[in-house]
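First comes the structure, then the notes that go with it.
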Amino acid sequence: MRPHIFHVVFFEDRGWWVAQCLERNLATASKDPRELWGKLETVLRVQIEADREAGIEPFTTLPQAPRRFWQMFQAAEPWQLADEVLEIPVSTPAWAELAIAA
């Protein structure tokens, strides 16, 4: 399996924390930013499974995220991870890189 690399921008919107992938228009949200990694991984794995069931390469039918998220990413600070314990971003937006095997 080759890994897919995603750049993700994290931001707060009306009391919800959002994780938006840039390379593919996939997102998730949570009231607790520490839950975003797990929720995002679930969204990506469900997409992989749905694409496999459809007989297509995972993520190939999804467009990139809209331009506004790329602009948000460019202005964001890295989301620091310490010993795999998620630290809540000090500033938003924040960004991180995620690799998932498909």
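Note that the structure is predicted; figures quoted are calculated from it, not measured.
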Show your reasoning for whether side-chain contact (heavy atoms from CB on, under 4.5 Å) applies to Thr61 and Ile56.
CA-CA 8 Å; Thr61 61; Ile56 58 176; 3.5 Å; yes
Chi angles and distances behind the side-chain contact (heavy atoms from CB on, under 4.5 Å) call for Ile5, Glu97:
CA-CA 7 Å; Ile5 307 296; Glu97 187 175 83; 3.6 Å; yes
Please walk me through it: do Val9 and Cys21 pass side-chain contact (heavy atoms from CB on, under 4.5 Å)?
CA-CA 7 Å; Val9 65; Cys21 292; over 6 Å; no
Go through the steps to decide whether Val8 and Leu22 satisfy the test side-chain contact (heavy atoms from CB on, under 4.5 Å), and finish with yes or no.
CA-CA 6 Å; Val8 183; Leu22 300 180; over 6 Å; no
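Side-chain contact between Leu44 and Leu26: present, with at least one pair of heavy atoms (C-beta onward) separated by less than 4.5 Å. Looking at Phe6 and His4, their side chains come closer than 4.5 Å, going by heavy atoms from C-beta outward. Pro3 is not listed as a side-chain neighbour of Ile100, based on a closest heavy-atom distance of 4.5 Å or more.
Shortest non-hydrogen contact noted between Lys31 and Gly15 is CD-O, 3.3 Å. In this structure, Pro66 and Asn25 approach most closely via the heavy-atom pair CD-OD1, 3.7 Å.
A distance-only check finds a donor-acceptor pair linking the side chain of Arg24 to the backbone of Leu62 [under 3.5 Å]. Remark: side-chain polar atoms of Asp51 are paired, donor with acceptor, to backbone N or O of Phe59 under 3.5 angstrom.
With hydrophobic clusters built from ILVMFWY side chains whose heavy atoms lie under 4.5 angstrom apart, Phe11 shares a cluster with Trp70.
Pairs passing the salt bridge (Lys or Arg N to Asp or Glu O under 4.0 Å) check and including a residue from residues 7-22, sequence neighbours excluded, do not occur.
The aromatic rings of Phe73 and His7 sit perpendicular to each other, their planes meeting at more than 60°, with 30° as the lower class boundary. Taking the six-membered ring where the residue is Trp, Phe10 and Trp37 present tilted rings, their angle falling between 30° and 60°.
One finds the CG atom of Leu40 at 13.0 Å from the CD atom of Glu35 (value rounded to the nearest 0.5 Å).
With sequence neighbours left out, Glu41 forms a salt bridge (Lys or Arg N to Asp or Glu O under 4.0 Å) with Arg45.
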